[in-house]
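Proteins come first, then strands; the chains are lettered A, B, ... in the order of their sequence lines, and each starts at number 1.
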Amino acid sequence: MMAVAENAPRPRSYGLAIRHAISFFGTALTAVCASIGAICLLIILGYVAVQGIGAVNWTFLTSLPAPVGEPGGGIGNGIIGTGITVGLATLLAAPIGLACGLYLALFGRGWFPEAVRFLSDVLSGIPSIAIGLFAYVVLVAPFHHFSAVSAAFAFALLMLPIILRTSEEAVRSVPRTMREAALALGLSEFVTTMRIVVPAARPAIITGLLLSIARVTGETAPLLFTAFGSPLWENNPLNPMAQLPLQVYNYAISPYKSWHQQAWGGALVLILAVLVLNVLARAVLSSRWRR
Amino acid sequence: MFLIAIYAASGFFVLLVLLLFASLVKGSWPALAAFGAKFLWTSEWNPVTEQFGALPLIFGTVVSSTIAIVLAGLVGILAAAYLAEFAPRWLARPLSFVIELLAAVPSVVFGLWGLFVLAPFVRVALAPSLQHAFGFLPIFSGPISTGTNMLTAGLILALMILPTVTAISREVIVAIAQDLREASMSLGATKWETVSRVVIPAARVGIFGAIVLALGRAIGETIATTMVIGNKPVIAASLFAPSYTLASVIANEFTEANGDVYIGALLELGLLLFLVSFIVNGLARLLLFTVLKGDRA
């Protein structure tokens with residue numbers, strides 16, 4: 001409180017009118033700053049939409065990439081590949097993340113839960129490329145073979161901290177009395193948690209899950225040396241697999257005009273997927289099924 | 001049984017993070033053994049002669065992140081002040097949401113836009129006018145041969161971390177006690193004086209935490225930077241010169257690297273990124289923990 005008192009406005013020699021003018025312009029400046037982010041988002045979305053819409057059609061969404069110079073070609077295998085990889089990552093990360101979140105919410109005191117939280121926060125800040133290197137070292141290098149599984153593993157590590165913290169907060173926000181009432185009625189710990197606590201926290205848990213999926217759907221860096229990419233339809237996750245973000249990246253840095261067009265088209269599909277996931281996540285949280 | 005399962009999951013999680021660190025150390029061992037600490041301050045990056053020094057990459061990472069943090073810090077804090085203090089309620093919520101959506105845009109899309117829209121703009125418009133006005137400063141002198149340079153990378157990074165600075169600073173400012181505002185207003189301060197001289201100073205620790213967190217993002221950002229920074233391991237005073245970052249080198253060279261030393265050197269860059277972001281995020285958590293009581297930090 002003392003520090004604040006020293007900073008408190010002191011009487012000024014200039015008049016009230018000038019102070020009000022400064023206040024007005026200061027406020028206007030902050031408004032301009034707040035709109036910069038929003039305007040940039042609109043500009044980027046606008047560019048991607050205008051440049052990309054010409055490339056997107058049914059053939060583009062459902063066919064294999066064409067060699068340079070040939071017309072047509074698309075991102076069909078990339079969409080499938082990204083779907084498989086993100087799906088696998090979700091299967092890996094969701095159970096572990098939810099279990100850790102439950103653990104932290106129910107037994108969250110002491111040095112070990114603190115350590116889990118600390119590591120989770122740190123993990124969420126580790127650059128995705130470093131996580132990709134880790135996946136390479138443990139799942140690609142020993143087998144001398146790029147694979148979608150290794151990419152899913154890297155994605156799962158990126159998703160874990162998000163799932164863990166959102167599910168912890170979700171479960172924590174369920175009134176303790178509900179849990180105590182269920183236990184007092186003789187339900188086991190497991191049944192209480194799964195049938196009483198988790199359903200009450202479900203919307204927030206699903207929101208966290210959707211946000212974590214959105215986070216990795218557009219992720220490119222770890223894919224470079226895990227999933228690697230492929231020009232074929234590939235359904236076996238033990239093999240290298242085409243990935244949409246990787247296709248956008250490779251088309252963008254290529255020297256060919258027609259591939260740049262494909263990059264914009266792919267970016268449009270990617271950004272729509274990510275935005276839909278984000279909006280969906282909000283919608284789940286604010287919907288009426290919240291108890 | 002159930003309890004054992006959730007204990008085991010948490011233990012597994014901890015092991016996983018420790019394994020991450022251990023495997024990066026193990027993988028980079030050939031380079032650690034060959035170059036030692038010299039790796040950090042020699043500036044030759046030559047795969048052919050197997051000489052690896054990371055100084056130009058560290059330089060590129062530090063400078064591009066600094067540009068980003070200065071720009072995004074200024075704009076983000078003021079934007080947070082608007083959203084938390086000045087904006088009418090009907091505007092504050094949708095505007096916060098839109099700014100957070102900016103964080104959801106995939107980095108490859110930022111890179112694409114940066115490469116085809118921002119880089120040409122920097123080359124033909126922004127860089128020449130900066131040079132015209134401030135050409136006497138070494139950072140704005142030198143030839144403008146390409147749009148993919150340090151300045152473009154800094155601008156793209158600024159845009160990418162702006163939502164982080166804004167969202168967390170906003171939370172910190174909202175958490176400041178209402179009493180302070182009322183006390184200041186009742187002493188006759190205007191709204192602006194209250195915010196700029198009472199509220200923001202009171203929130204400074206948390207705002208600093210937000211900036212540190214955003215810095216971590218900028219340091220580790222890979223794909224967008226790789227697409228717009230020009231990818232040349234040189235140390236130049238001019239912001240119009242191409243540069244290279246730790247993460248970009250890994251992205252560009254890892255799949256083509258051969259030999260234990262080369263791969264080890266790239267893994268050592270990854271280890272460096274891991275350690276830096278470990279420290280940066282630990283610090284940010286410490287700064288934000290007291291302010292937000294662990295909600296977010």
Side-chain angles (χ1 to χ4, degrees), chain A residues 4 7-9 19-20 22-23 26-27 29-31 33-34 36-38 40-41 44 47-48 96 99-100 102-103 115-116 119 121-123 125-130 133-134 137-138 157 160 189-190 193 214 218-221 224-225 245 248-249 252-253 260 263-264 267 270-271 274-275 278, chain B residues 2-3 5-6 9-10 13-14 17 20 23-24 27 75 78-79 81-83 86 95 98-99 101-102 104-109 112-113 115 117 159 162-163 166 180 184 187 189-193 197-198 201-202 216 220 222-223 227 247 250-251 254-255 267 270 273-274 277-278 281-282 285:
Chain A
V4 171
N7 288 332
R19 287 173 53 205
H20 275 303
I22 292 174
S23 184
T27 310
L29 181 68
T30 63
C33 285
I36 286 177
C40 287
L41 178 73
I44 293 175
Y47 256 98
V48 173
I96 300 175
C100 291
L102 278 173
Y103 169 72
V116 172
L119 286 179
D121 286 350
V122 167
L123 186 64
I126 303 290
S128 59
I129 189 134
L133 287 177
F134 172 50
V137 169
V138 294
L157 277 171
L160 263 176
E189 191 91 41
F190 178 73
T193 307
E219 192 60 64
T220 318
L224 290 165
F225 30 80
V248 174
Y249 175 66
I253 60 173
H260 296 164
W264 285 107
L270 197 59
I271 213 168
V274 172
L275 290 186
N278 268 281
Chain B
F2 168 66
L3 294 182
I6 64 173
S10 306
F13 176 75
V14 172
V17 180
L20 203 173
S23 65
L24 285 180
V75 174
L78 289 173
Y82 181 73
L83 294 173
F86 300 123
L95 200 54
V98 168
I99 292 175
L101 274 189
L102 188 62
V105 173
S107 64
V108 68
V109 177
L112 183 70
W113 185 78
L115 185 59
V117 183
L159 207 51
L162 181 62
T166 310
L180 289 182
S184 169
L187 285 172
T190 60
K191 190 81 204 262
W192 171 253
E193 287 163 343
R197 301 174 67 185
V198 176
T222 310
I223 289 296
M227 291 167 87
I250 303 173
F254 196 77
T255 44
L267 285 170
L273 280 176
F274 176 91
S277 45
F278 193 94
N281 282 286
R285 185 187 144 99

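- Contact annotation for A/Leu123: only side-chain heavy atoms (C-beta onward) come within less than 4.5 Å of a heavy atom of chain B.
- Separating the OH atom in B/Tyr82 from the OG1 atom in B/Thr166 is a distance of 13.5 Å, to the nearest 0.5 Å.
- Interface check for chain A: of the options B/Leu162, B/Leu115, B/Val14, B/Ile99, the most heavy-atom pairs under 4.5 Å are formed by B/Val14.
- The parts of A/Ala31 that come within reach of chain B are both its backbone and its side chain, each placing non-hydrogen atoms under 4.5 angstrom from that chain.
- Using a 4.5 Å cut-off between heavy atoms, B/Leu273 touches chain A through backbone and side chain atoms alike.
- Counting all heavy atoms, side chain and backbone alike, A/Ile253 lies closest to B/Met227 at CG2-CG, 4.1 Å.
- Contacts of B/Leu102 with chain A are made by both backbone and side-chain atoms, with heavy-atom separations under 4.5 Å.
- Side-chain atoms of A/Thr27 come within 3.5 Å of backbone N or O of A/Ser23 as a donor-acceptor pair.
- With chain B as the partner, the residue from A/Ala115, A/Ser128, A/Ala130, A/Cys40 showing the most heavy-atom pairs under 4.5 Å is A/Cys40.
- Inter-residue side-chain proximity for A/Ile271 and B/Val105 is flagged as met; some heavy-atom pair is nearer than 4.5 Å.
- With a threshold of 4.5 angstrom between heavy atoms, B/Ile250 approaches chain A through its backbone and through its side chain.
- Contact annotation for A/Val274: only side-chain heavy atoms (C-beta onward) come within less than 4.5 Å of a heavy atom of chain B.
- In this structure, CG in B/Leu24 is found 9.0 Å from CD1 in A/Ile126, a value given to the nearest 0.5 Å.
- Taking B/Pro163, B/Gly216, B/Gly282, B/Ala104 one by one and counting their heavy-atom pairs under 4.5 Å with chain A, the maximum is reached by B/Ala104.
- Heavy atoms only, all atoms of each residue included: A/Ala99 and B/Ala9 are closest at CB-CB, 3.5 Å.
- If you measure heavy-atom distances from B/Val17 to chain A, the contacts under 4.5 Å come from the side chain alone.
- Closest non-hydrogen pair, A/Pro127 versus B/Ser277, comes out as CD-OG, 3.2 Å.
- With a 4.5 angstrom heavy-atom cutoff, B/Val117 touches chain A only via side-chain atoms.
- Distance check, rounded to the nearest 0.5 Å: CG of A/Leu102 to OG of B/Ser10 gives 9.0 Å.
- Between the A/Thr193 side chain and the A/Glu189 main chain, a donor and an acceptor come within less than 3.5 Å of each other.
- Only the side chain of B/Thr222 comes within contact range of chain A, judged by heavy atoms closer than 4.5 Å.
- Contact annotation for B/Leu159: only side-chain heavy atoms (C-beta onward) come within less than 4.5 Å of a heavy atom of chain A.
- Considering only heavy-atom pairs separated by less than 4.5 Å from chain B, the leading option among A/Leu157, A/Ile129, A/Val137, A/Leu29 is A/Ile129.
- For chain B, the nearby parts of A/Phe190 are the backbone and the side chain; heavy atoms of each come within less than 4.5 Å.
- Interface summary for chain B: among A/Leu270, A/Thr220, A/Asn278, A/Leu224, the most heavy-atom pairs under 4.5 angstrom belong to A/Thr220.
- The residue among B/Phe254, B/Phe274, B/Phe278 with the most heavy atom pairs within less than 4.5 Å of chain A is B/Phe254.
- Most heavy-atom pairs under 4.5 Å with chain B: of the set A/Ala263, A/Ala252, A/Ala214, this distinction falls to A/Ala252.
- Only the side chain of B/Phe13 comes within less than 4.5 Å of a heavy atom in chain A; its backbone stays farther off.
- Taking CG of B/Leu101 as the reference point, atom CD1 of A/Ile44 lies at 12.0 Å (rounded to 0.5 Å).
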Intermediate values then yes/no, side chain to side chain contact (heavy atoms under 4.5 Å, CB included), B/Trp192 and A/Arg19: CA-CA 9 Å; B/Trp192 171 253; A/Arg19 287 173 53 205; over 6 Å; no
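- Contact annotation for B/Leu20: both backbone and side-chain heavy atoms come within less than 4.5 Å of a heavy atom of chain A.
- Partners of A/Ala267 by side chain to side chain contact (heavy atoms under 4.5 Å, CB included), not counting sequence neighbours, listed by chain and number: A/Val48, A/Val248, B/Val109, B/Leu112.
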